[in-house]
Amino acid sequence: MALALRCSTSFSNLKDKRSLKTLDEFSSTVCFAQSRPSCRLRAKSLMQEAQLATERNLNLEDRRDEMREKLHQLLDTHGKSDSRVPVFVMLPLDTISIGGNLNKPRAMNASLMALKSAGVEGVMVDAWWGLVEKDGPMKYNWEGYAELVKMVQKHGLKLQVVMSFHQCGGNVGDSCSIPLPPWVLEEISKNPDLVYTDRSGRRNPEYISLGCDSLPELRGRTPIQVYSDYMRSFCDTFKDDLGEAIVEIQVGMGPCGELRYPSYPESNGIWRFPGIGEFQCYDKYMRTSLQASAEAIGKQDWGRNGPHDSGQYNQFSEETGFFRRDGTWNTEYGQFFLEWYSGMLLEHGDRILAAAKGIFQGTGAKLSGKVAGIHWHYKTRSHAAELTAGYYNTRHRDGYLPIAHTLGKHGVVLNFTCMEMRDREQPENANCSPEGLVRQVKMATKTAGTELAGENALERYDAGAYAQVLATSRSDGNGLSAFTYLRMNKQLFEGENWRHLVEFVKNMSEGGRNTRLPESDSSKTDLYIGFMKKNSVKKTKEAALV
């Protein structure tokens, strides 16, 4: 990622959309575009214009109070007058190298400096299981992460760390490949039922099946014990930084770090948007659990297998017997299966979060858990894509309230995606409603008393996406406690994209005021970096992110 900060040029004034230059070309100072709030009152008639002239004579403090009152009629986050939403930025997936070191440290240093100048609260990084514990059971290497923590501290930023127990690669936005630890893959090769399996017998190596959570299948340890030992090692290593530089631990609970089944894998073209996906309950551990649940209610036949009529990954609801308008999903059998399938997922989340709470409680770091924004087929009765992922959400049932209660029970923030999406941007045939889905999740977290944070699902740099996030964060229901932007890369630092980010961060930090960036910044304003000296630039010779 080429990143340049020049003293004579504002990012907002860049017409050239090419990559910014390296820090070798810096001069003595660096300027960023200033963001000034503006408030426009539109007069619909000459009489209203006359009223505006009269209003200019009001006491300044009265005017401020009046504007605040109008603003806060539209904004309601936590029922507080302080509606500031801190913004974090996700770091690249390969921030830590395969060797366990910090990738491109000079470029990272330059990028963090830029983000700090824009008013960003901090950054998020994945602590990959496949990197940290790759040399053998309980052999942890945190060196690269320790280097990152120091650099983040140096710039006065905060850090969110994801306990990433999943594989990187094979999903939307995955730009590199980081498999599970080699010793874990060795165990999987001996016992393929350790990973999720679909009806065709296709195995998914992204994440260990929750069916064996409590079985000592990983060289004498259960998966929950392995995750706990990993988190405990992190906690012990960074005990002095938790609650200070490290403000949040996001606990991975499934593929992509999300509490869900891998029902829509993109690897090898298995699934394509907007397919309904497939149930992932065919490893021997999941089948044993299903059989036991069926026998417990005297319906032994229901436990022999998963639904036979649920279709294939890339079908639509009405093409299946299970998900169609009046399909099997709405029968006694369908309700039994979906309650078991979603219940297993909730129990999995409960087990991991209970372990994380026991480890991190009292450290000062918040805990969060991520829930996927599965917005396609949301307008149908069955909500098929959500059902295959493990979210028992239909026209007749709120599937997000139980999830919110599970996270809230442990004091865990629910982090939800697709905050940037609008219904009108989606293809009609996919029956999408990201806005309706977000509203439902906001109400579920509000009802459960669970804190809510957000992310964008796809990389977006346009003002429209930022405006949607801002509107979502202030709309009815539970307000956002934080927002994490996906993701830091080359495009983010390009002129217009950078201006949009700076404006967005300003808006989120100032309660949604309608800030606008000027075309240039010749006055070295509040986003001016004055601490860079010519000789220090010479000395560091920061590289560019590429």
Side-chain angles (χ1 to χ4, degrees), residues 188 191-215 253-255 258-265 267 270-271 274-349 372 374 376-377 380-394 396-397 399 402-403:
I188 293 171
N191 180 7
D193 283 290
L194 287 174
V195 296
Y196 289 117
T197 307
D198 64 18
R199 190 173 59 183
S200 302
R202 189 184 285 110
R203 310 286 187 177
N204 189 318
E206 289 183 60
Y207 188 79
I208 299 294
S209 170
L210 62 79
C212 60
D213 269 356
S214 303
L215 300 173
M253 295 179 282
E258 297 165 336
L259 179 63
R260 66 172 176 87
Y261 294 99
S263 57
Y264 50 98
S267 58
I270 295 172
W271 171 86
I276 57 176
E278 288 191 23
F279 291 117
Q280 306 291 310
C281 58
Y282 294 91
D283 64 77
K284 68 181 180 183
Y285 305 106
M286 293 291 284
R287 293 176 73 164
T288 298
S289 172
L290 177 60
Q291 187 174 2
S293 296
E295 289 175 355
I297 62 168
K299 300 283 187 178
Q300 190 169 351
D301 288 348
W302 288 0
R304 297 189 189 282
N305 226 326
H308 69 280
D309 56 352
S310 56
Q312 299 175 346
Y313 285 104
N314 295 306
Q315 287 188 296
F316 277 45
S317 305
E318 292 304 313
E319 297 173 332
T320 74
F322 192 89
F323 297 114
R324 68 188 181 195
R325 183 181 177 90
D326 295 311
T328 313
W329 66 274
N330 202 27
T331 64
E332 187 182 356
Y333 163 72
Q335 291 166 13
F336 157 77
F337 175 79
L338 293 171
E339 284 176 3
W340 167 79
Y341 189 68
S342 63
M344 289 286 282
L345 186 66
L346 286 172
E347 289 173 14
H348 171 67
I374 302 174
W376 53 105
H377 303 290
T380 64
R381 288 192 173 195
S382 66
H383 293 234
E386 291 162 88
L387 297 186
T388 57
Y391 304 156
Y392 190 1
N393 189 56
T394 68
H396 313 306
R397 189 180 190 277
I403 295 173

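Bear in mind the structure is a predicted one, so any value in this text is a computation, not a measurement. All residue numbers refer to positions in the sequence shown, counting from 1. Note: hydrogens, waters and symmetry copies are ignored here, and every other heavy atom, side chains too, is used.
- Between the side chain of Asn314 and the backbone N or O of Ile270, at least one donor-acceptor pair lies under 3.5 Å.
- In this structure, His308 places its NE2 atom where only 12 or fewer heavy-atom neighbours from other residues, nucleotides or ligands lie under 6.0 Å away.
- In this structure the side chain of Phe323 never reaches within 4.5 angstrom of the side chain of Asp309, judged on heavy atoms.
- The aromatic rings of Trp271 and Trp376 lie tilted to each other, with the angle between the two planes from 30° to 60°.
- No donor-acceptor pair under 3.5 Å is formed between the side chain of Ser200 and the backbone N or O of Arg202.
- The CD atom of Glu339 lies 6.0 Å from the CZ atom of Arg397; values are rounded to the nearest 0.5 Å.
- To the nearest 0.5 Å, atom CD of residue Glu332 and atom CH2 of residue Trp302 are 4.0 Å apart.
- Residues Tyr391 and Ser342 form no side-chain contact, since every pair of their non-hydrogen atoms from C-beta on lies 4.5 Å or further apart.
- A donor-acceptor pair under 3.5 Å is formed between the side chain of Tyr261 and the backbone N or O of Tyr341.
- Here NZ of Lys299 is found 7.0 Å from CD1 of Ile297. Values are rounded to the nearest 0.5 Å.
- Between Phe279 and Leu338 the shortest side-chain heavy-atom distance falls below 4.5 Å.
- Each of Tyr207, Tyr285, Tyr196 was scored for a ring pair (Phe, Tyr, Trp, His ring centres under 6.0 Å) with His348, with one residue passing: Tyr207.
- Residues Pro307 and Tyr282 come closest through the heavy atom pair O-OH, 3.8 Å.
- Between Asn330 and Ser382, the closest side-chain pair of non-hydrogen atoms is not below 4.5 Å.
- With rounding to the nearest 0.5 Å, the separation of OG1 in Thr320 from CD in Gln315 is 7.0 Å.
- When every heavy atom of Ala385 is checked against every heavy atom of Gly275, the shortest pair comes out as CB-O, 4.5 Å.
- Judged by distance alone, with hydrogens and angles left aside, the side-chain atoms of Arg199 form no donor-acceptor pair with the main-chain N or O of Glu278 at under 3.5 Å.
- Closest approach of Arg325 and Glu318 over heavy atoms only: N-OE2, 2.8 Å.
- Annotation for Pro274 and His377: closest pair O-NE2, 2.5 Å, computed over non-hydrogen atoms.
- For the atom pair CZ (Arg260) and CD (Gln280), the distance works out to 9.5 Å, reported to the nearest 0.5 Å.
- The closest side-chain heavy-atom distance from Tyr264 to Ile374 is below 4.5 Å.
- Distance check, rounded to the nearest 0.5 Å: OG1 of Thr380 to CD of Glu386 gives 8.0 Å.
- Between Asp326 and Arg381, at least one side-chain N (NZ, or NE/NH1/NH2) sits under 4.0 Å from a carboxylate O, which counts as a salt bridge.
- In this model, no donor atom of one side chain and acceptor atom of the other lie less than 3.5 Å apart for Asp301 and Tyr333.
- A heavy-atom distance below 4.5 Å is found between the side chains of Tyr392 and Leu387.
- Looking at heavy atoms from C-beta onward, Phe336 lies in side-chain contact with Ser293 at the 4.5 angstrom threshold.
- The backbone N or O of Gly211 lies less than 3.5 Å from no partner atom in the side chain of Ser289, so there is not a single donor-acceptor pair.
- Here the closest heavy-atom approach between residue Gly349 and residue Met253 is recorded as CA-SD, 3.7 Å.
- When all heavy atoms of Ser317 and Ala384 are compared, the closest pair comes out as OG-CB, 3.6 Å.
- Side-chain atoms of Phe322 and Thr388, non-hydrogen and from C-beta on, never get closer than 4.5 Å to each other.
- Just one residue in the list Asp198, Val195, Leu194, Ile188 forms a side-chain contact (heavy atoms from CB on, under 4.5 Å) with Arg203, and that residue is Val195.
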